[in-house]
Undergrad: 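Sharing a structure below in structure tokens format, with a few things to ask.
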Amino acid sequence: MSLQGKTLFITGASRGIGLAIGLRAAQDGANVVIAAKTAEPHPKLPGTIYTAADEIEKAGGKALPLVVDVRDEDAVKGAIQNTVDTFGGLDIVVNNASAISLTPTAMTDMKRFDLMHQINTRGTYMVSKYAIPHLEKAENPHILMMSPPLDMKEKWFAPHLAYTMAKYGMSLCVLGLAGELRSKGIAVNALWPRTTIATSAVKNLLGGDEIVQASRTPEILSDAAYAIFQKPSKSFSGHFLIDDVFLSEEGVTDFEKYRVDPTKPLMPDFFVPDDIPPVKQSS
């Protein structure tokens with residue numbers, strides 16, 4: 001199944017994982033809505049919605065760059081309506097926009113707490129809410145959250161309670177919406193990386209170039225997302241997928257191609273359950 005002519009609405013798509021997912025879809029000739037805040041260049045973060053749109057077009061897709069703060073209800077409603085007016089419908093929503101602060105409770109400013117919950121949990125809920133009436137009309141509609149499995153272990157909450165609550169809020173949306181929308185044939189799934197991913201956020205917030213070198217590239221997530229969108233929405237829903245496990249089940253055996261530096265041991269990401277074994281890969 002090709003994504004040619006399909007319309008994707010991707011939050012936080014001006015760079016990193018969101019952009020990678022858009023570029024993979026663009027190779028099929030998809031329509032990609034870049035719904036993000038970055039209209040002007042940022043001193044520490046590469047890319048704007050307009051540079052992302054250029055990349056989408058060069059990759060073979062049609063791009064619609066929209067300035068969207070997922071905390072703003074009118075902006076979200078307007079962007080989704082703009083999407084439908086421009087491309088005639090909506091097929092896929094990717095809730096990728098996210099805020100992070102890896103701080104213990106006493107060190108977490110309440111403004112930062114509010115920001116994470118407004119973007120991660122509330123933003124995901126709201127984008128999904130306003131997309132539903134349009135997804136109902138699509139042939140194979142999908143909602144994908146870039147959020148972790150609901151592994152209720154103390155070790156995931158204790159070091160950074162506010163962040164974990166906000167990310168798990170996105171995953172609770174998967175759990176609830178998968179059941180709520182099953183009768184409408186709308187698939188709702190979560191995708192999460194086993195390792196850290198080489199993005200600006202990881203470089204700036206988690207440990208600089210050293211962590212980047214020990215990471216996989218965003219393309220492992222874009223390939224996994226692409227495979228998810230091929231699945232029949234009526235029967236493939238409610239899954240919490242780890243990128244390499246899912247790709248392995250889809251027949252991928254070469255995971256070395258996703259490594260930034262094959263000589264560095266991979267850095268595990270947060271929230272990956274202990275009972276998920278490493279995948280077998282070709283040598």
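Only this structure's heavy atoms are used, side chains among them; waters, hydrogens and symmetry mates stay out.
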Undergrad: Any idea how F246 and F236 line up, ring-wise: parallel (<30°), tilted (30 to 60°), or perpendicular (>60°)?
TA: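 Ring orientation, 0 to 90° scale: tilted.
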
Undergrad: Once you round to the nearest 0.5 Å, how far does CG of L19 lie from OG1 of T51?
TA: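 One gets 7.5 Å once the value is rounded to the nearest 0.5 Å.
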
Undergrad: Please check: side-chain N/O of N96 versus main-chain N/O of T11, any donor-acceptor pairing under 3.5 Å?
TA: yes

Undergrad: Looking at D151 and K153, does any basic side-chain N land under 4.0 Å from a carboxylate oxygen?
TA: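 Salt bridge between D151 and K153, a charged N being under 4.0 Å from a carboxylate O: yes.
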
Undergrad: Sequence neighbours left out, what passes ring-ring contact (aromatic ring centres under 6.0 Å, His included) with Y125? Give chain and number order.
TA: none

Undergrad: Can you list the steps and then say if Y163 with T108 is a side-chain contact (heavy atoms from CB on, under 4.5 Å)?
TA: CA-CA 10 Å; Y163 173 63; T108 302; over 6 Å; no

Undergrad: Mark yes or no for whether T38, through its side chain, and I49, through its backbone, hold a donor-acceptor pair below 3.5 Å.
TA: no

Undergrad: Return the minimal non-hydrogen interatomic distance between H134 and I80, and the atom names on each side.
TA: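 Answer, listing the atom of H134 first, then I80: CD2-CG2, 3.6 Å.
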
Undergrad: Take L181 and E136 through the test side-chain contact (heavy atoms from CB on, under 4.5 Å) and record every step on the way to the result.
TA: CA-CA 9 Å; L181 302 179; E136 286 181 35; over 6 Å; no

Undergrad: Looking only at atom types and distance, does a side-chain atom of T164 sit under 3.5 Å from a main-chain N or O of W156, one as donor and one as acceptor?
TA: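 At least one qualifying donor-acceptor pair exists.
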
Undergrad: For F229, which of V94, D91, D28 qualifies under side chain to side chain contact (heavy atoms under 4.5 Å, CB included)?
TA: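 Testing each of V94, D91, D28 against F229, the sole residue satisfying side chain to side chain contact (heavy atoms under 4.5 Å, CB included) is V94.
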
Undergrad: Tell me, do K184 and P141 make a side-chain contact under 4.5 Å, heavy atoms counted?
TA: no

Undergrad: To check you understand the geometry: which heavy-atom pair defines the closest contact between A214 and P265, and what is its length?
TA: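 For A214 versus P265, the nearest heavy atoms are CB-O, 3.3 Å.
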
Undergrad: Can you list every ring pair (Phe, Tyr, Trp, His ring centres under 6.0 Å) pair that touches residues 65-87, not counting sequence neighbours?
TA: none

Undergrad: Measuring only between side-chain heavy atoms, which start at C-beta, is V76 closer than 4.5 Å to R71?
TA: no

Undergrad: Do you know which two heavy atoms are closest between L144 and I228, and how far apart they sit?
TA: CD1-CD1, 3.9 Å

Undergrad: Could you pull out the closest heavy-atom pair between K167 and P148, with the gap in Å?
TA: O-CD, 4.0 Å

Undergrad: Regarding K129 and E73, does a basic nitrogen lie under 4.0 Å from an acidic carboxylate oxygen?
TA: no

Undergrad: Please report the interatomic distance NE2(H142) to NZ(K6), rounded to the nearest 0.5 Å.
TA: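 Reported to 0.5 Å precision, the distance equals 8.5 Å.
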
Undergrad: Return the minimal non-hydrogen interatomic distance between S237 and A178, and the atom names on each side.
TA: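 Of all heavy-atom pairs spanning S237 and A178, the closest is OG-CB, 3.7 Å.
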
Undergrad: Do N140 and S233 meet the criterion of a side-chain donor-acceptor pair at a distance under 3.5 Å?
TA: yes

Undergrad: Are F9 and I143 close enough that some pair of their side-chain heavy atoms sits under 4.5 Å apart?
TA: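 Not in contact.
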
Undergrad: May I ask you to decide if V272's main-chain N or O and R194's side chain share a donor-acceptor pair within less than 3.5 Å?
TA: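 Answer holds: no.
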
Undergrad: For a 4.5 angstrom cut-off between non-hydrogen side-chain atoms, does V188 reach M145?
TA: yes

Undergrad: Answer yes or no: is there a donor N or O on one side and an acceptor on the other, between the side chain of T48 and the main chain of E40, under 3.5 Å?
TA: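 Pair absent, no side-chain N/O of T48 close to backbone of E40.
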
Undergrad: Do K155 and D274 have side chains that get closer than 4.5 Å, going by heavy atoms?
TA: yes

Undergrad: Is R259 reaching over with its side chain to a backbone N or O of K264, donor-acceptor style, under 3.5 angstrom?
TA: yes

Undergrad: Okay, side chain of R15, backbone of G47: is any donor-acceptor separation there less than 3.5 Å?
TA: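 Judged by distance alone, yes, a pair lies under 3.5 Å.
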
Undergrad: Return the minimal non-hydrogen interatomic distance between A20 and P218, and the atom names on each side.
TA: CB-CB, 3.7 Å

Undergrad: Ion pair present between K257 and E219, side-chain N to carboxylate O less than 4.0 angstrom?
TA: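 Between E219 and K257 there is no salt bridge, as every charged N stays at least 4.0 Å from the carboxylate O atoms.
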
Undergrad: Say whether, by atom type as modelled, one donor and one acceptor occur between the side chain of N95 and the main chain of V127 under 3.5 angstrom.
TA: no

Undergrad: Any luck finding a side-chain donor-acceptor pair between D223 and Y258 under 3.5 Å?
TA: yes

Undergrad: Among V93, T86, I92, T83, which residue meets the side chain to side chain contact (heavy atoms under 4.5 Å, CB included) test with T7?
TA: T83

Undergrad: Is there a donor-acceptor contact under 3.5 Å linking the side chains of N120 and S98?
TA: yes

Undergrad: Looking at side-chain heavy atoms only, is the closest gap between E210 and M267 below 4.5 Å?
TA: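 No - every pair of side-chain heavy atoms lies 4.5 Å or more apart.
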
Undergrad: Taking T121 for the side chain and A166 for the main chain, is one N or O donor matched with an acceptor at less than 3.5 Å?
TA: yes

Undergrad: Answer whether the closest heavy-atom distance between the side chains of V260 and Q213 falls below 4.5 Å.
TA: yes

Undergrad: Suppose we call two aromatic rings close when their centres sit under 6.0 Å apart. Are H160 and F270 close by that rule?
TA: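 Judged by ring-centre distance (under 6.0 Å), H160 and F270 do meet the cut-off.
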
